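One structure is given below, encoded as C-alpha cells.
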Amino acid sequence: MTGLDDIAGVGVDRRGGFSRHGFTRVDAELREWFEGEARRRGLGVEADRNGNIWAWWGEPGDGAVVTGSHLDSVPGGGAFDGPLGVVAALQAVDLLRDKGFMPRTPLALVVFVEEEGGRFGSACLGSRLMTGAIDADRARALTDPDGTTLADAVRSAGLDPARLGRDDAALRRIGVFVELHVEQGRGLVDLGAPVGLASSILAHGRWRFRFTGEGNHAGATLMGDRRDPVVAAAATVLAARRAATGGARATVGRILPTPGGTNVIASSVDLWLDARADGTPRTREVVADVTAAAQAAAADEGCSLQVTEESYGDTVVFDRVLADDLNATLGDVPVLATGAGHDAGVLAAHRPTAMLFVRNPTGVSHAPEEHAEPADCAEGAAALARVLEHLAR
Ligand code: GLV
Ligand code: MN
Ligand code: MN
Ligand code: MN
C-alpha cells in the first residue's frame, strides 16, 4: 500500500503515465483529494496567494516544521514524482498521532503548485513565486501550449492573479522544510538502501531556441532553395549531445515545428534545451556551446535564431548541519547528490531544507516506469515521521 491508489485514476495519459498540470481540472481533482485527506485528519486547510495548499496540525504559525511536495507531473510522468512526498506526509501524521505525539512547534503539510513546469514551462512555479525567485509580472504572462496565460489559468482556478508573487508571510511560516521524494536514479538501488538523504542538486535551467525560416511546399521547393528551421534544430540536438561532457547533462525533450505538416517545410521551430551541470560556469559553458552551434546551423540554413532563458537555478547544497542531524536521527542512511530539481531546492536558499529519497528499483523517472515498492514507501513515511518528530518536539 503506497497510499497513491486513491489518485491512480486522476490525470491518466492515454499515451502512458500521467499528465497532471497546474490550474487544470485534473489539478482541481488532485487538490480536492488532498484537502479531503487533510480535513479527514482534522488538519486546517488553506491556500496561499500563489495557490500552494497548506494543511496545519494545530494552529498555523511562523517557524513551523513543514513537509510536502507536489501533485503535478511532467507530460506522461510516473506515479511517484511528487505525490509520494504528499502521501508520505499524510502517513507521517498518522504514524505520529498513533504514537500519541503532539508537536511543540507548528507543523504543516504543503503541496506546491506546478513544480514540473509541465504546463507553463517554468519549473517550481509555486515555490519560486512564493520566494520571489520569479517575477510576478513575468509569471502572469507565461503561456501554456494553447496560449492561455498563467493569469487567466489562475483566475479560472478561482485565485486572484493580482495576488501572485513573493509571499513573505508564507515564507515566514517555514522554519525548516523537509521534502520526501522518489529517487530519480539508481543510487539507493546500488547501495541496497531503501531510504537516503540528499546532499545537493545540479545547477539547471531551460532555454527556448526559436528558429525562423521560410514555410514552403515539400514537393515544389528545390533542396537548394530551402530555409528549413527543422534542419537547424536537428543540428542543435546533436550539438547538445556533444556539449554535455564530464558529468554535465543536456536534453532536448520538446521540439515544436510550426505549422507542423508532413508535406510542409516548417516556417519556424521552437526547441527547448534543459541543461544541467555542477555549478553555473560549467552550465553556462554547455549552453554557450549549444548556442554557438545553433547559430552556425541557423546561418547555414538562412534562418534566424532567438534564444530565451526560461528559468535557471544555481547548484543547491542542502544544509549540512540539518542533514547531519537528520542522519543521526535516521541511523546513518546514504547521502546522495541528484540532478533533479525540487521545490526543496528553491527553499534551500531561504530556510534550512532537507530531502529524503525513497529507492526506485527501475532507476527511471519522468516516465511511466518510475517505481517504488510499497515496503520502501512505508519505510520512507516512517523515516519522515521520525524526522518530523525530531524537529517538532
Ligand atoms: C524536475 O523534476 C526536474 O528536475 O526537472
Ligand atoms: Mn520531476
Ligand atoms: Mn518532483
Ligand atoms: Mn537534533
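Ligands are counted one by one from 1 in listed order, and the atoms in each one are counted from 1 as well. Since this is a predicted model, take the numbers as computed values, not measurements.
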Sub-3.5 Å N/O-N/O distance, Gly341 and ligand 1
yes
Close N or O approach (Arg276, ligand 1; < 3.5 Å)
yes
Carboxylate-amine/guanidinium proximity below 4.0 Å for Arg155 and Asp152
yes
Using 4.0 Å as the upper bound for N to carboxylate O, is an ion pair formed by Arg25 and Glu29?
no
By atom name, which N, O or S atom of His70 is the nearest to the Mn ion (ligand 3)?
NE2
Carboxylate-amine/guanidinium proximity below 4.0 Å for Arg282 and Asp278
no
The atoms of ligand 1 lying under 4.0 Å from a heavy atom of Ala340, numbered in the order shown, are 4 (O)
Metal proximity, His342 vs the Mn ion (ligand 2), N/O/S cut-off 2.8 Å:
no
Decide whether a cation-pi geometry holds between Arg97 and Trp57; the criteria are a distance under 6.0 Å from NZ or CZ to the six-membered ring centre and an angle within 45° of the ring axis.
yes
Quick one: does NZ or CZ of Arg284 land under 6.0 Å from the six-membered ring centre of Tyr312, within 45 degrees of the ring axis?
yes
Evaluate the side-chain hydrogen bond (donor to acceptor under 3.5 Å, both in side chains) criterion for residues Thr24 and Arg119: first the C-alpha distance (whole Å), next the side-chain angles of each, then the deciding distance (0.1 Å), finally the verdict.
CA-CA 9 Å; Thr24 60; Arg119 181 171 177 196; 5.6 Å; no
Write the atom name of the N, O or S atom in Glu116 that is nearest the Mn ion (ligand 2).
OE2
How is the N/O/S atom of His366 that comes nearest to the Mn ion (ligand 2) named?
NE2
Would you check if the Mn ion (ligand 2) lies under 2.8 Å from any N, O or S atom of Asp81?
yes
At a 4.0 Å threshold, what atoms of ligand 1 neighbour a non-hydrogen atom of Glu116?
1 (C), 2 (O)
Ionic contact status for Arg20 with Asp72, cut-off 4.0 Å:
no
Closer than 4.0 Å to some heavy atom of His366 - which atoms of ligand 1 meet that?
1 (C), 2 (O), 3 (C), 5 (O)
